[in-house]
Amino acid sequence: MAKTIADGFFNDPRLKEAKKLIQEALKEHQSQIKGVKSATPELKADYGALLKKVADWRGGALFYNYLGSGIGKGPLVELADGSVKYDFITGIGVHYMGHSHPGVIEAQINGAVSNTVMNGHLQQNVDSAKLLELLSTQACKNGAEVKNVFLSTSGAMANENAFKIIFQKRYPAARFFAFEKCFAGRTLGMAWVTDKGAYRQGLPKTIDVDYIPFYSATDHKGSIEAATKVMRKYITRYPGQHAGFIMELIQGENGSWVGHQEYFEALIKVCQESNISVFVDEVQTFARTHELFSFQHFKLDKHVDVVSIGKNSQVCATLFKDDHKPKPGLISQTFTGSSSQIAAAYYVINEVVKGGYLGENGKIEKLHQHFKGHLEKLEKKHPSKISGPFGIGAMVGTTVFGGDETKSKAFTFKLFDNGVLSFIAGGHPTTRVRFLMPIMAVEENHIDEVCAIIDKTLSEME
Ligand SMILES: Cc1ncc(COP(=O)(O)O)c(C=O)c1O
């Protein structure tokens, strides 16, 4: 078969040799990263000054004093002050492959040497086609029909596209259902879906949303009845006005609250009776349960109309059924993702699918159990300071100091100083500390070390 000029370039032995040399150099320098390390004394002053400047340039201080140096090794990352920390929050769930992963670096180089920085909906390279096929076939492998994949550059934008698709399909219905305490992103539209007043303070109203209480594992039957009752109440109050229901099957930003198949099926039944589209927001859950998509984990394949993904997928996307296809002009973007991003997305997703991560005996579940076991032991040791854990797979939440927001925040800062990155979620009085593990880089011994640091941090706090 005739080859393109690009095929010749990408297979040029000089390119292969250059990539080999880069990997060798990376490995050599990475070998100096051996574990958690405090800042290099000579770098401290400059680092402090730089952080101050960054705060001025961006109009506010960073949450953590974190500026990466540009190298890491697996779950360990070097900061520009020379310190090394365990990254157990991964940019709120993006660096699933940890830091300076050789496979991801190779994918990024392949993207970087291609002809353009950016792909967009007018012009995409063949790598986008590979990614679309992978996502489409994986999403539909158990009978789901969300075969259309529309790439975008943020989770919020993937959600915006999902809302537009659903509103157009269900016109003139203009209301939406969402779960209480959900997070959907920070665009003007999504700020009115996200159930947090502080995130939309001063913003004009964009979307009317009716909130449904989330599943409660301590009241399985009661919470299903309560949620369907509230849904029916709103449908009676606003007949024919609900276009869709955005569902996050494990609430991430609220602190790893896990739903239940029967609960979702009960709500979906009400949706189907009233022509309401079922939209699953997988921006945070994608690749973190035993299945690639959390709707597959909860066996909702036959019921999903629209799905959004982000974070772990490296590139964001909206997937939808044929009967939800938008009319031309409704959605499009100049940027769908850089060439390096798209190559890395394919590498990461393909690795998760083929590398033994999924399934009940996969790596995700094994690491979850290992982490959970440690956290349970810590609860026994510090019963007044830590409880839980909560979550599924690569999403792990824990309550510290009874869910007090100020103390939980103080705990995360102390943990950071001691060498582990985590983050807070939810809000007072049910604040949680959460961890989004870099599953492709973590081994059990890393979790042992992280938990020893959590133990030390709890002991240091009153
Ligand atoms: C469930 C969910 N949806 C949407 C978003 C928004 O994604 P992004 O920050 O990429 O816009 C997030 C981000 O945390 C999320 O957790």
Side-chain angles (χ1 to χ4, degrees), residues 3-37 40 66-88 90-91 93-119 125-131 134 287 311-315 337-357 363-364 367 394 421 437-447 449:
K3 299 257 185 205
T4 59
I5 297 168
D7 289 326
F9 171 55
F10 293 130
N11 288 301
D12 188 303
R14 287 169 294 181
L15 206 56
K16 287 192 175 157
E17 182 62 18
K19 284 197 273 187
K20 201 176 122 225
L21 288 174
I22 290 172
Q23 294 287 0
E24 276 172 22
L26 174 67
K27 207 167 163 192
E28 202 178 297
H29 289 275
Q30 268 184 322
S31 67
Q32 297 171 62
I33 300 176
K34 295 195 163 74
V36 168
K37 175 177 162 290
T40 309
Y66 179 106
L67 288 171
S69 68
I71 198 166
K73 187 177 162 201
L76 291 163
V77 59
E78 184 192 55
L79 273 54
D81 64 357
S83 65
V84 174
K85 297 187 190 296
Y86 269 110
D87 184 2
F88 264 42
T90 59
V94 182
H95 321 306
Y96 210 40
M97 54 292 184
H99 294 268
S100 303
H101 187 294
V104 178
I105 297 241
E106 170 148 10
Q108 288 188 92
I109 295 171
N110 291 341
V113 297
S114 76
N115 62 325
T116 54
V117 173
M118 193 59 68
N119 289 258
N125 281 354
V126 286
D127 291 335
S128 294
K130 265 174 69 181
L131 180 62
L134 178 64
K311 296 186 187 268
N312 276 342
S313 55
Q314 309 300 305
V315 175
S338 71
S339 305
S340 293
Q341 215 183 340
I342 284 169
Y346 183 86
Y347 176 83
V348 170
I349 299 167
N350 195 45
E351 188 63 23
V352 171
V353 170
K354 306 227 169 98
Y357 292 88
K363 189 177 174 197
I364 295 175
L367 292 172
L421 276 147
M437 284 189 273
I439 289 286
M440 286 170 65
V442 166
E443 300 298 337
E444 291 185 351
N445 66 306
H446 300 131
I447 295 178
E449 283 169 33

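The local environment of CG in Leu21 is crowded, with over 12 non-hydrogen atoms from other residues, nucleotides or ligands closer than 6.0 Å.
Taking the side chain as every heavy atom from C-beta outward, His95 and Pro438 never approach each other to under 4.5 Å. The shortest side-chain heavy-atom distance between Ile349 and Asn312 does not fall under the 4.5 Å cut-off.
Side chain of Lys363 to main chain of Val442: a donor-acceptor pair is present (N/O by atom type, distance under 3.5 Å, no hydrogens or angles). In this structure, Ser339 contributes its side chain and Ala112 its backbone to no donor-acceptor pair below 3.5 Å. A donor-acceptor pair is defined here as one N or O able to donate and one able to accept, closer than 3.5 Å; no such pair exists between the side chain of Ser338 and the backbone of Met118. No donor-acceptor pair closer than 3.5 Å links the side chain of Lys19 to the backbone N or O of Glu106. Judged by distance alone, the side chain of His446 and the main-chain N or O of Glu443 form a donor-acceptor pair under 3.5 Å.
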Evaluate the side-chain contact (heavy atoms from CB on, under 4.5 Å) criterion for residues Ile447 and Met437: first the C-alpha distance (whole Å), next the side-chain angles of each, then the deciding distance (0.1 Å), finally the verdict.
CA-CA 9 Å; Ile447 295 178; Met437 284 189 273; 3.9 Å; yes
Take Leu421 and Val77, measure what side-chain contact (heavy atoms from CB on, under 4.5 Å) needs, and give me the verdict at the end.
CA-CA 10 Å; Leu421 276 147; Val77 59; 4.3 Å; yes
Show, in sequence, the C-alpha distance, side-chain angles and deciding distance for Leu134 and Tyr346, and conclude whether the side-chain contact (heavy atoms from CB on, under 4.5 Å) test is met.
CA-CA 8 Å; Leu134 178 64; Tyr346 183 86; 3.8 Å; yes
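Between the side chains of Gln108 and Ser340, no donor-acceptor pair of N or O atoms lies under 3.5 Å. Asn125 and Asn115 form a side-chain donor-acceptor contact under 3.5 Å, judged by distance and modelled atom types alone.
Residue pairs satisfying the salt bridge (charged side-chain N to carboxylate O under 4.0 Å, His left out) criterion with at least one member in residues 27-36, sequence neighbours excluded, are absent. Each side-chain hydrogen bond (donor to acceptor under 3.5 Å, both in side chains) pair with one or both residues in residues 4-16, not counting sequence neighbours, appears once here: Thr4-Asp7, Asp12-Arg14.
For the pair Ala287 and Tyr96, the tightest heavy-atom approach, listed with the atom from each and the gap, is O-OH, 2.5 Å. Across every non-hydrogen atom of Ala441 and Gly98, the tightest pair is CB-CA, 3.8 Å. Taking each heavy atom of Leu76 and Val36 in turn, the nearest pair found is CD2-N, 4.2 Å. Leu26 approaches Ser100 most closely through the heavy-atom pair CD2-O, 3.8 Å.
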Distance-only check: which donor-acceptor pairs under 3.5 Å involve side-chain atoms of residues 79-87, not counting sequence neighbours?
{"from": "Asp81", "atom 1": "OD1", "to": "Ser83", "atom 2": "N", "distance (Å)": "2.9"}
{"from": "Asp81", "atom 1": "OD1", "to": "Ser83", "atom 2": "OG", "distance (Å)": "2.7"}
{"from": "Lys85", "atom 1": "NZ", "to": "Phe416", "atom 2": "O", "distance (Å)": "2.9"}
{"from": "Tyr86", "atom 1": "OH", "to": "Glu449", "atom 2": "OE1", "distance (Å)": "2.5"}
{"from": "Asp87", "atom 1": "OD1", "to": "Ile89", "atom 2": "N", "distance (Å)": "3.1"}
{"from": "Asp87", "atom 1": "OD1", "to": "Thr90", "atom 2": "N", "distance (Å)": "2.6"}
{"from": "Asp87", "atom 1": "OD2", "to": "His99", "atom 2": "NE2", "distance (Å)": "2.7"}

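Between atom CD of residue Gln30 and atom CD of residue Gln23 there is a gap of 8.5 Å, rounded to the nearest 0.5 Å. A distance of 9.0 Å separates CD1 of Ile342 from OG of Ser114, quoted to the nearest 0.5 Å. Note that the CD1 atom of Ile109 and the CG atom of Leu15 stand 8.5 Å from one another [nearest 0.5 Å].
Here Glu17 pairs with Lys20 under the salt bridge (Lys or Arg N to Asp or Glu O under 4.0 Å) rule; sequence neighbours left out. In this structure Glu351 satisfies the side-chain contact (heavy atoms from CB on, under 4.5 Å) test together with Tyr347, Tyr357, Met440, sequence neighbours excluded. In this structure Gln314 satisfies the side-chain contact (heavy atoms from CB on, under 4.5 Å) test together with Val94, Met97, Ala345, Val348, sequence neighbours excluded.
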